[in-house]
Amino acid sequence: MLDVALISVLVAAIAIGYALGYRQAGRHKQSAKSHSASLNEPSRDYFVGLNYLLNEQPDEAINIFINVLAVNSDTVDTHIALGKLFRARGEADKAVSIHQNLLARPALSPSTNEQVQLELARDFMALGVHDRAQRLLNTLIQNSADEDHRYAAKHLLIDLLEREKAWQQALDVIQPLLKQYPKMRRPAAHWLCELALEDIGNASRPMAKKQLKKALQLDENCVRATLLLADLEMENGHYDRAIERLDNVPGQETAHIPTMLPALKHAYWRNNDEAAYEAHLYRLLEQAPYTSIIIALGQLVHQRDGVDKAIELVGERLRAVPSLGGLDYLIDLYIESQRLSGKPSPDTRLLLLKYHTDALLINRTRHRCQRCGFASDALQWQCPSCRFWGTIKPVIGVEGE
């Protein structure tokens, strides 16, 4: 079924065509009175187009619309609006037909022609015809005298190259824009991280390290670059340097403290420094009383001092910042405590609580995009929904950290 927006635009287009015809008839009224009656009557084509709409035949309605509505300064915006609407509805092939029809008309001004080319490039991108879109955008970037059109073309080209994972080409396009548009520094930093991962895959770790340092120069708060640099340090056996790198994460983004905890634990364990690890966890707890930190401390105390000491620590910390994950871990500790005390089976009330916390934890959202709300179990550095970089973070609160 046709949506209301599409019907509105098409009806408006037909009405514009009729109004233009009526106005044109008025201009010639005095000089051609004998023809005025016929000119003032709406064209049969308008009614044919309207009939197609009512019968839900949009392709035929579009053809009528294109044929009868002249392209000029009064109507070009309607053509463009209709093309945008079809693209938004997932019918980019229809949008291509409309925009190509516009470009075939000689009446367009240079500025309008460039605007239509931008729309056509968007159509091709929506269809996945990236080579044609790229040719259009490169032509606009090279030839347009309009700064806004050049910027829009560059922005679209960056988006296209990013979709194709052409990270270096995207960096080459974005580099001249970074001073004027500082918000572009974040995606550029992540592209450098992508290049670093490619270098690591090609066993070129020195080049990867260079890319990651560039990423931090572009965006000093790029947690991803810091984590990758810490991994490289650990691969080389430089655990103290890795810890120094990881110690920067809370200052970059507090919400990513849980993200870096496994690497932090690994670095201290390989460095054989349990006391320093415990002290580091307590410092982190002062910065952000997250469940992951409490559980990490509980595991440390449990291993060293026993389950009852771990219960005491975790219970005290959760009293200030209760969370579902923390409660689940505390129940595990109580069940183990009862087992160690010689009880043949755990308290059924504890088992019931454990059943419910397990069920709730299975369905919880672990990560969420701070921009569009996209939920994800695993951390992703680019949101699959809004496609922004670095906006997905661990969930904070009773159901999260």
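Along the sequence shown, the residues carry numbers beginning at 1.
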Taking it one step at a time, do Trp389 and Glu162 satisfy side chain to side chain donor-acceptor pair (under 3.5 Å)?
CA-CA 11 Å; Trp389 290 92; Glu162 185 180 76; 2.6 Å; yes
Under the side chain to side chain donor-acceptor pair (under 3.5 Å) rule, what do Glu114 and His149 come out as? Steps first, then yes or no, please.
CA-CA 7 Å; Glu114 290 176 0; His149 287 168; 2.8 Å; yes
How far apart are the C-alpha atoms of His280 and Asp273, what are their side-chain angles, what is the distance that settles it, and do they pass the side-chain contact (heavy atoms from CB on, under 4.5 Å) test?
CA-CA 11 Å; His280 200 145; Asp273 199 345; over 6 Å; no
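At most 12 heavy atoms of other shown residues, nucleotides or ligands fall within 6.0 angstrom of atom CD in Glu220. Within 6.0 Å of NZ in Lys343 there are more than 12 heavy atoms belonging to other residues, nucleotides or ligands. Heavy-atom contacts from other residues, nucleotides or ligands closer than 6.0 Å to CG of Asp131 number more than 12. Environment of OH in Tyr181: crowded, with over 12 heavy atoms of neighbouring residues, nucleotides or ligands closer than 6.0 Å. Residue Arg270 places its CZ atom among 12 or fewer non-hydrogen atoms of other residues, nucleotides or ligands, all under 6.0 Å distant. Within 6.0 Å of OH in Tyr151 there are more than 12 heavy atoms belonging to other residues, nucleotides or ligands. For Lys84, the NZ atom sits in a loose shell: 12 or fewer heavy atoms of surrounding residues, nucleotides or ligands are nearer than 6.0 Å.
In this structure a side-chain-to-backbone donor-acceptor pair under 3.5 Å is missing from Asn271 to Ala267. Panel note: side chain His367, backbone Lys393; no donor-acceptor pair is recorded below 3.5 Å. Judged purely by atom type and a 3.5 angstrom limit, Asn236 has no side-chain atom pairing as donor or acceptor with the backbone of His238. Of the possible polar contacts, one joining the Thr139 side chain to the Arg135 backbone as a donor-acceptor pair under 3.5 Å is found. The main-chain N or O of Gln299 is found under 3.5 Å from a side-chain atom of Tyr329 such that the two form a donor-acceptor pair. Judged purely by atom type and a 3.5 angstrom limit, Arg150 uses its side chain to pair as donor or acceptor with the backbone of Ser144. The main-chain N or O of Thr365 is never found under 3.5 Å from a side-chain atom of Glu399 such that the two would form a donor-acceptor pair. Panel note: side chain Glu147, backbone Ala145; no donor-acceptor pair is recorded below 3.5 Å. Between the side chain of His99 and the backbone N or O of Ala95 there is at least one donor-acceptor pair closer than 3.5 Å. At least one donor-acceptor pair closer than 3.5 Å links the side chain of Asp347 to the backbone N or O of Arg349.
Between Asp123 and Arg87 there is a salt bridge, with a side-chain nitrogen of the basic residue lying less than 4.0 Å from a carboxylate oxygen of the acidic one. Comment: Arg205 does not engage Asp199 in a salt bridge, judged by the lack of any side-chain N to carboxylate O separation of less than 4.0 angstrom. Comment: Glu286 does not engage Arg283 in a salt bridge, judged by the lack of any side-chain N to carboxylate O separation of less than 4.0 angstrom. Salt-bridge formation is detected for the pair Arg224/Glu194: a Lys NZ or Arg NE/NH1/NH2 atom is positioned less than 4.0 Å from an Asp or Glu carboxylate oxygen. Using a cutoff of 4.0 Å between basic side-chain nitrogens and carboxylate oxygens, Arg387 and Asp159 are scored as salt-bridged.
With a 6.0 Å cutoff to the six-membered ring centre and a 45° limit on the axis angle, Arg371 counts as a cation-pi contact of Phe388.
For the pair Cys369/Ser385, no side-chain contact is recorded, criterion being any heavy-atom separation below 4.5 Å from C-beta on. Contact of the Gln211 side chain with the Glu198 side chain is not registered, since no non-hydrogen atoms from C-beta on lie closer than 4.5 Å. Contact check for Leu161 versus Leu157: side-chain heavy atoms found under the 4.5 Å cut-off. Glu164 has its side chain out of reach of Gln169: every pair of non-hydrogen atoms, C-beta onward, lies at least 4.5 Å apart. The side-chain heavy atoms of Leu216 and Leu229, taken from C-beta on, include a pair separated by under 4.5 Å. A 4.5 Å side-chain heavy-atom check between Leu300 and Glu274 finds at least one atom pair inside the cut-off. Residues Ile294 and Thr291 form no side-chain contact, since every pair of their non-hydrogen atoms from C-beta on lies 4.5 Å or further apart. Between Val395 and Arg366, the closest side-chain pair of non-hydrogen atoms is not below 4.5 Å.
To the nearest 0.5 Å, atom CG of residue Leu379 and atom OG1 of residue Thr259 are 5.5 Å apart. Separating the CH2 atom in Trp381 from the CG atom in Leu227 is a distance of 5.5 Å, to the nearest 0.5 Å. The distance from atom OG1 of Thr357 to atom CG of Leu327, rounded to the nearest 0.5 Å, is 6.0 Å. One finds the CG atom of Asp219 at 13.5 Å from the NZ atom of Lys183 (value rounded to the nearest 0.5 Å). Here the straight-line distance linking atom CG of Leu297 with atom OG of Ser292 works out to 11.5 Å at 0.5 Å rounding. A distance of 5.0 Å separates CG in Leu171 from CG in Leu192, rounded to the nearest 0.5 Å.
Closest approach of Ala230 and Arg245 over heavy atoms only: CB-CB, 4.0 Å. The shortest heavy-atom contact between Cys222 and Gln252 is O-NE2, 3.7 Å. Pairing each heavy atom of Ala121 with each of Leu136, the nearest pair is N-CD1, 3.8 Å. Here the closest heavy-atom approach between residue Gly326 and residue Ser323 is recorded as N-OG, 3.1 Å. Between Ala263 and Leu246 the shortest heavy-atom distance is C-CD1, 3.7 Å. Contact detail for Gly315 and Leu330: the closest heavy-atom pair is N-CD1, 4.1 Å.
In the model, Gln382 has no side-chain atom that pairs as donor or acceptor with a side-chain atom of His190 under 3.5 Å.
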